[in-house]
S.K.: 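Questions regarding the structure given below will be posed in turn.
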Number of protein chains: 2
Amino acid sequence: MDQSGAVAPFPYKPLYVQVRDQLVRRLIEGQWQPGQVIPSEMELAREVGVSQGTIRKALDAMTAENLLIRRQGRGTFVARPEESRILFQFFRLVPDDGDVTFPSSRILARCSEASGSREAATLGIAEGDEIWRIDRVRSLAETPSLVETIWLPAARFSGFGDLAEIPNNVYGLYSERWGITIARASEKLKAVAATCAEAPHLRCEVGAPLLEITRVALDLEGKPVELRVSRCLTGTIHYRSELG
Amino acid sequence: MDQSGAVAPFPYKPLYVQVRDQLVRRLIEGQWQPGQVIPSEMELAREVGVSQGTIRKALDAMTAENLLIRRQGRGTFVARPEESRILFQFFRLVPDDGDVTFPSSRILARCSEASGSREAATLGIAEGDEIWRIDRVRSLAETPSLVETIWLPAARFSGFGDLAEIPNNVYGLYSERWGITIARASEKLKAVAATCAEAPHLRCEVGAPLLEITRVALDLEGKPVELRVSRCLTGTIHYRSELG
DNA sequence: GAGTGGTCTAGACCACTTG
DNA sequence: AAGTGGTCTAGACCACTCT
């Protein structure tokens, strides 16, 4: 590994960060599949040519980013989006009584369209580029709780129209079908009034207060992959946020 | 340090966690004040009787918890609640255009009352115990944006009624006046309709959708210190949440 | 018992800040 | 130049899992 920094001396990068970046690149290239074990610390140390301690720091950093899962006595595994732990990393709506439940989904529409200015800006594509759009209603505990629209750049999701069905957990689909891992997301929350488009699906009055969540989901490289707007009835559920 | 675990063998605690707990205890007892430098790694290692690497792991853990701030070449400092970095750790409402601004506050009322069941349950006190209550309106960029009520257990905030003024940043006040550090908080978000009590303050219609944030703030020991309910107009501002 | 990750130690050197 | 935190190494031992 380049530890001297002779080629690019200014942006000094610690060795363990260089190792992390190299390992993330191998993840992106699909060298290790979700759920698989990666080589042990000792093997990686020999292979990369650094000490076990440096490999450990790189693996610990990736574990903190939810890319890996380490189990004492078993090994280091590539995180899988379909695991419940990862699911609730991105699903923050929980019933007021605290019992976590899996949502169910009903697809309303799936179509391709030309991207508007907002979709183009947030997804990093040109205005007018083809995008896929999915509308669906999601229920918690048999109660229709939110309507949401998902936009995906068609260029990264070829063959999307051929899918027979769209599963409830689309991040698992992105991973299995296109090898795209959602690493993190940033959300903006607002309170809005229900329109006549969504009120019937949520069985609420037009004008009822809804929680609007606008999410941009990013892949391992930090590139935007998905834009999603959800409008939620927060009668017996709420959005949970932990600070600190 | 107890590394053998002979006394309580079952809940195995790594040495660096024991060191962390010991250092946190010294923080709680007020041995090191916010903003102060604590001893260097080498000194602490000699003092506690473990290696420098173990001290480092303990200090790194506390840094990750926002209790300490480490600066290469200078030293390790106790985090101060009045620093802007810590302020925005707990203030997640930002203008849509992205420019972060400091809110200003106007106090509406300050009084003591008997705790109801909700306040008692969340603050860990008995129903009917005396609590302080503060009502205020906060503005972002000269626009009244939220009304909020804060409840504090009177037992932990003696002399609260004698304060001439209540500053905008109450967490700095808790720290300076009572030595209470807010370490983390958990928030529940809902969309609600504006009532006639808050509509005039926010210059909005009764029934307008508001973002309601219910926060329980915890101290260094994880004990609840403050209950706060904020109702926000999210016309040109939003609540920012980072996932992953 | 063999292999994995987790902890702990000791020492060297690097990058940054201050006098 | 001296002192701080940050990185890197090498080796030992511990706790856990599987065969």
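Just so it is clear, the model here is predicted, and its values are computed rather than measured. All chains are named by letter (A, B, ...) in the order of the sequence lines, taking the proteins before the strands, and each is independently numbered beginning at 1.
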S.K.: Please list all pairs passing the ring pair (Phe, Tyr, Trp, His ring centres under 6.0 Å) test where one or both residues lie in residues 62-87 of chain B, with sequence neighbours left out.
M.R.: none
S.K.: Check the interface with nucleotides 1-5 of chain D: list each N/O to N/O pair with the protein under 3.5 Å, or write none.
M.R.:
| unit_1 | atom_1 | unit_2 | atom_2 | d |
| --- | --- | --- | --- | --- |
| D:dG3 | N2 | B:Gly73 | O | 3.1 |
| D:dT4 | O2 | B:Gly73 | N | 3.0 |
| D:dG5 | OP1 | B:Thr76 | OG1 | 3.1 |
| D:dG5 | OP2 | B:Glu41 | N | 3.0 |
| D:dG5 | N2 | B:Gln72 | OE1 | 2.8 |

S.K.: Please tell me whether B:Glu148 and B:Ser230 have a donor and an acceptor in their side chains that are separated by less than 3.5 angstrom.
M.R.: yes
S.K.: For B:Gln89, which residues count as a side-chain contact (heavy atoms from CB on, under 4.5 Å) partner, sequence neighbours excluded?
M.R.: B:Asn66, B:Ile86
S.K.: Just to verify, what does B:Tyr171 make a ring pair (Phe, Tyr, Trp, His ring centres under 6.0 Å) with, not counting sequence neighbours?
M.R.: B:Phe90, B:Tyr174
S.K.: Using atom CD of A:Gln18 as one end and atom C1' of D:dT7 as the other, report the distance to the nearest whole Å.
M.R.: 12 Å
S.K.: So does B:Lys57 get a side-chain nitrogen or oxygen closer than 4.0 Å to the phosphate oxygens (OP1/OP2) of C:dT7?
M.R.: yes
S.K.: Nearest-Å distance, CD1 (A:Ile55) to P (D:dA10)?
M.R.: 12 Å
S.K.: So if I take every side-chain heavy atom of A:Tyr16 and compare against C:dT7, D:dT7, D:dT9, which nucleotide ends up nearest?
M.R.: D:dT7
S.K.: Not counting sequence neighbours, which residues clear side-chain contact (heavy atoms from CB on, under 4.5 Å) with B:Arg177? List them please.
M.R.: B:Leu163, B:Leu173
S.K.: What is the distance, to the nearest angstrom, from the CG atom on A:Asp60 to the P atom on D:dG6?
M.R.: 16 Å
S.K.: Could you tell me which residues satisfy side-chain contact (heavy atoms from CB on, under 4.5 Å) with B:Arg70, sequence neighbours excluded, listed by chain and number?
M.R.: B:Glu41, B:Arg56, B:Leu59, B:Asp60, B:Thr63, B:Thr76
